[in-house]
Amino acid sequence: MTRNPRHITRLAPSPTGALHLGNARTFLINWALARAGGWRVLLRIEDLDSPRVKPGAADRIADTLTWLGLDWDHGPTCQSHDLDPYRDAMRVLAHRAMVYPCSLTRTEVERAASAPHADQHETRFPEHLRPPIQPGTFADERTNWRFVVREGDVGFADTFLGPQTHSPAQTVGDFVVWTRRGQPSYQLAVVVDDHRQGVTQVVRGADLLDSTARQLLLQRALGLTPEPTYTHLPLVVGPDGRRLAKRHGDTRIETYRDRGVPAGRIIAMLARWSGIEPDETMTAHDFVQALDLSTMSHDAVVFGSEDDRWLRARPG
Ligand code: GLU
């Protein structure tokens with residue numbers, strides 16, 4: 001891999017719970033790509049989803065990442081510590097008539113929308129609910145604000161998945177960029193931070209693939225260039241095909257750690273899930289040397305009880 005010291009990436013955990021095998025794999029691959037490529041690594045705590053943020057979770061995640069052998073060159077920074085950069089972005093968007101306040105509740109939007117597909121967890125905001133918009137000011141922080149999504153495809157090249165085309169007008173419509181809690185939404189916060197922190201490489205789970213089109217629309221509306229390079233990694237799922245979560249049992253890294261499973265055993269497991277020849281135990285440094293995205297499967301990784309047994313078994 002060619003080294004590029006001007007590249008910057010971020011590890012961006014949400015402190016809404018502990019690190020589990022699924023998100024640990026994404027962070028490990030992100031970090032390994034950075035270390036192999038000579039990129040700088042930022043640790044950014046995405047703590048704006050305040051109802052779901054758990055006290056102490058950010059410190060525990062950082063501690064777990066360190067225990068696994070990961071490190072970073074800058075941070076941790078916390079998004080909640082300074083909301084001014086997000087307010088500034090909202091002012092620009094309001095001035096450009098790209099956002100508008102919207103006090104409709106989710107139920108009201110759902111009622112107005114046509115029947116959502118069973119596999120959609122987001123309701124598309126129907127265009128007829130959008131009011132006429134004039135250039136204005138970002139005055140009321142205690143209401144939801146939506147971003148105007150015009151018809152059209154958004155394309156980008158994913159370094160792992162290849163060319164992507166998404167149509168946010170068809171899937172989500174005008175999405176929320178500022179919430180009535182007085183905080184930016186995830187979409188706006190990520191765009192503002194990736195730009196101001198100079199992030200050039202975004203590496204994350206494929207569950208965020210459809211957010212990328214929204215983030216590109218926001219970047220373009222704000223005139224933020226250059227656009228980062230995106231790499232979306234397949235998710236780890238349970239035997240039911242759903243994203244690894246509590247319902248699949250306790251896959252928290254700290255639980256394995258408390259039970260005496262060494263970090264090297266966990267890295268070896270994550271390596272097996274990343275197309276690397278199986279080893280009984282492996283350091284994070286060895287993982288950097290061994291990782292080759294070009295041989296990694298595009299399919300989701302299925303976590304099963306045999307994986308859990310393998311982790312707990314004492315090597316040799
Ligand atoms: N904080 C997000 C998460 O934990 C990741 C956001 C991103 O990488 O853009 O799912």
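FYI, side chains are in, hydrogens and waters are out, and symmetry mates aren't considered; it's all heavy atoms of this structure. All ligand and atom numbering here is 1-based and tracks the order in the structure. We count residues from 1, following the sequence as given.
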- Task: Assess the side chains of Thr16 and Asp49: does a donor N or O sit below 3.5 Å from an acceptor N or O?
- Result: no
- Any idea how Phe160 and His298 line up, ring-wise: parallel (<30°), tilted (30 to 60°), or perpendicular (>60°)? tilted
- Query: When Glu254 is tested against each of Thr64, Asp63, Leu19 for side-chain contact (heavy atoms from CB on, under 4.5 Å), which residue passes?
  - Reply: Thr64
- Query: Hey, are Gln201 and Thr231 close enough side-chain-wise for a donor-acceptor pair under 3.5 Å?
  - Reply: no
- Would you list the pairs meeting side chain to side chain donor-acceptor pair (under 3.5 Å) in which at least one residue belongs to residues 17-28, sequence neighbours left out? none
- Just checking, any donor-acceptor pair under 3.5 angstrom between side chains of Gln197 and Arg10? no
Filter the ligand 1-protein atom pairs down to N or O on both sides and distance under 3.5 Å, then list them.
| unit_1 | atom_1 | unit_2 | atom_2 | d |
| --- | --- | --- | --- | --- |
| ligand 1 | 1 (N) | Ala12 | O | 2.7 |
| ligand 1 | 1 (N) | Ser14 | OG | 2.8 |
| ligand 1 | 1 (N) | Glu46 | OE1 | 2.6 |
| ligand 1 | 4 (O) | Ser14 | N | 3.4 |
| ligand 1 | 4 (O) | Ser14 | OG | 3.2 |
| ligand 1 | 8 (O) | Arg10 | NH1 | 2.8 |
| ligand 1 | 9 (O) | Arg10 | NH2 | 3.0 |
| ligand 1 | 9 (O) | Tyr186 | OH | 2.8 |
| ligand 1 | 9 (O) | Arg204 | NH1 | 2.8 |

